[in-house]
Asks: 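I'd like to ask some things about the structure below.
Just so you know, these numbers come straight off a predicted model, no measurement behind them. Values below: all heavy atoms of this structure, side chains included; hydrogens, waters and symmetry mates excluded.
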Amino acid sequence: MKKVYLAHPISTRGEFHDSKRVANRIRALGFKVYAAAENDSINDKRNDPTPLDIYYGDIDELRTSDIMVVNLTGGLQDGTITEVGWVAGWNEAIGGNAVINIIGYTSNARLLIPQFHKGIPSASANHLTLGAIERWGEFVGDEDAMIEALKRYARD
């Protein structure tokens, strides 16, 4: 069974619960899924995890994944962007063979259809991050497009 690492912002209650919903949608396709929101040892803050606890907890799961699914919201999501960078660096370090494929999508409708006012977009995504995703996979658009992309991986 292929393992998916779901990189999804979880700082707000809404993002936290949405991450679990998306993880269950991916599981319904037959994948094993790691979603940080479900890892109470590092995300139940009553356990007082250290930054190193969080790093090792997530990186160990990334290292054993076949696919990273990343939700780029264009918002403050330092951890999610760090995860993309780690996967891109890992893939580069092993000689250019994509051990962990990346599928990027967004839950931010303004990223998909931005409005412009005096040349300023209503939302944005970091192009270095988008480049890392495209180097090691694809940015597919919205959540339904991500599910369709995963169905291709499920057949492989």
Side-chain angles (χ1 to χ4, degrees), residues 2-29 31-39 42-43 51 54-55 57-94 96-154 156:
K2 290 183 182 175
K3 180 179 173 184
V4 170
Y5 183 101
L6 178 60
H8 191 293
I10 59 171
S11 295
T12 69
R13 229 176 264 238
E15 291 168 333
F16 183 85
H17 292 296
D18 192 53
S19 174
K20 292 180 179 185
R21 180 192 62 77
V22 172
N24 286 330
R25 233 183 133 189
I26 295 169
R27 284 185 186 105
L29 299 174
F31 291 97
K32 179 180 178 182
V33 178
Y34 173 79
E38 298 171 336
N39 185 345
I42 61 172
N43 283 305
I54 295 166
Y55 175 82
D58 284 344
I59 296 303
D60 287 345
E61 295 292 340
L62 264 174
R63 187 175 300 141
T64 60
S65 295
D66 301 295
I67 303 164
M68 169 195 237
V69 168
V70 57
N71 179 4
L72 290 181
T73 64
L76 180 62
Q77 56 184 145
D78 296 347
T80 305
I81 301 307
T82 300
E83 292 161 336
V84 171
W86 188 90
V87 169
W90 174 263
N91 286 344
E92 293 287 349
I94 60 164
N97 296 317
V99 171
I100 303 170
N101 293 289
I102 304 174
I103 298 172
Y105 78 101
T106 187
S107 59
N108 184 340
R110 290 182 178 146
L111 279 177
L112 295 173
I113 306 173
Q115 293 178 296
F116 291 87
H117 178 73
K118 297 183 181 181
I120 300 170
S122 57
S124 66
N126 183 282
H127 283 207
L128 176 60
T129 304
L130 288 171
I133 291 169
E134 290 185 358
R135 167 80 167 103
W136 298 107
E138 60 185 320
F139 184 84
V140 296
D142 66 11
E143 184 179 316
D144 288 336
M146 176 270 292
I147 293 295
E148 290 304 312
L150 277 174
K151 286 178 182 177
R152 291 194 313 269
Y153 283 91
D156 293 344

Asks: Kindly indicate, with the supporting measurements, whether the criterion side-chain contact (heavy atoms from CB on, under 4.5 Å) is fulfilled by Ile59 and Trp90.
Replies: CA-CA 11 Å; Ile59 296 303; Trp90 174 263; over 6 Å; no
Asks: Does the side chain of Trp136 reach to within under 4.5 Å of the side chain of Val87, using non-hydrogen atoms?
Replies: no
Asks: Can you tell me how far the CG atom of Leu6 sits from the CD atom of Glu38, to the nearest 0.5 Å?
Replies: 8.5 Å
Asks: Of all heavy-atom pairs between Glu148 and Lys151, which one has the smallest distance, and what is that distance?
Replies: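 Nearest heavy atoms, Glu148 then Lys151: OE2-NZ, 3.0 Å.
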Asks: Tell me the closest heavy-atom pair linking Thr73 and Asn108, and the distance in Å.
Replies: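 What the structure gives for the nearest pair is O-ND2, 2.7 Å.
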Asks: Nearest 0.5 Å, please: how far is CG in Asp18 from CD in Glu143?
Replies: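 Glu143 atom CD to Asp18 atom CG measures 6.5 Å (nearest 0.5 Å).
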Asks: Tell me, do Thr106 and Asn71 make a side-chain contact under 4.5 Å, heavy atoms counted?
Replies: yes
Asks: Using modelled atom types only, decide if a donor and an acceptor are shared between the side chain of Thr82 and the backbone of Asp78 within a distance under 3.5 Å.
Replies: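 Side chain of Thr82 to backbone of Asp78, a donor-acceptor pair under 3.5 Å: yes, one is there.
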Asks: Is the shortest side-chain heavy-atom distance between Ile67 and Phe31 below 4.5 Å?
Replies: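 Contact flag for Ile67/Phe31 side chains = yes.
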Asks: Find out whether Ile81 and Asn126 are in side-chain contact, i.e. whether some heavy atom of one side chain is under 4.5 Å from a heavy atom of the other.
Replies: no
Asks: Working to the nearest 0.5 angstrom, can you tell me the gap between Leu72 CG and Tyr105 OH?
Replies: 9.5 Å
Asks: Side chains of Arg21 and Asn24: is there a donor and an acceptor less than 3.5 Å apart?
Replies: no
Asks: On a heavy-atom basis, which atom in Lys20 and which in Ala37 lie closest, and how many Å separate them?
Replies: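 Distance-wise, the nearest heavy atoms are CE-O, 3.5 Å.
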Asks: Any ion pair linking Arg25 and Asp144 (charged N to carboxylate O, less than 4.0 Å)?
Replies: yes
Asks: If you measure from CG on Leu130 to CG on Leu111, what distance do you get to the nearest 0.5 Å?
Replies: 8.5 Å
Asks: Are Met146 and Val22 close enough that some pair of their side-chain heavy atoms sits under 4.5 Å apart?
Replies: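 Yes, their side chains come closer than 4.5 Å.
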Asks: Report yes if some heavy atom in the side chain of Leu62 is under 4.5 Å from a heavy atom in the side chain of Glu83; otherwise report no.
Replies: yes
Asks: So does Arg110 have more than 12 non-hydrogen atoms from other groups sitting under 6.0 Å from CZ?
Replies: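 No - once you tally the heavy atoms of other residues, nucleotides and ligands closer than 6.0 Å, there are 12 at most.
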Asks: Which distance, rounded to the nearest 0.5 Å, do you find between the CD1 of Ile120 and the CD of Gln115?
Replies: 13.0 Å
Asks: For Tyr153 and Leu29: C-alpha separation, side-chain torsions, deciding distance, then whether side-chain contact (heavy atoms from CB on, under 4.5 Å) applies.
Replies: CA-CA 10 Å; Tyr153 283 91; Leu29 299 174; over 6 Å; no
Asks: Just to verify, what does Asp60 make a side chain to side chain donor-acceptor pair (under 3.5 Å) with, not counting sequence neighbours?
Replies: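 Side chain to side chain donor-acceptor pair (under 3.5 Å) check on Asp60 returns Arg63.
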Asks: How far apart are the closest heavy atoms of Thr80 and His8, and which atoms are they?
Replies: OG1-C, 3.7 Å
Asks: Backbone N or O of Ala36 within a donor-acceptor pair of the Asp58 side chain at under 3.5 Å?
Replies: no
Asks: Indicate the atoms forming the closest heavy-atom contact of Tyr5 with Ser65, along with that distance.
Replies: CB-OG, 3.4 Å
Asks: Would you say Asn91 and Val99 make side-chain contact, with heavy atoms under 4.5 Å?
Replies: yes
Asks: Looking at CD of Glu138 and CD1 of Ile103, how far apart are the two atoms once the value is rounded to the nearest 0.5 Å?
Replies: 6.0 Å
Asks: Do Ile147 and Ile26 come within less than 4.5 Å of each other through their side chains, counting heavy atoms only?
Replies: yes
Asks: Please report the closest heavy-atom contact between Ala132 and Ile102, naming both atoms and the distance.
Replies: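 For Ala132 and Ile102, the tightest heavy-atom pair comes out as O-CD1, 4.1 Å.
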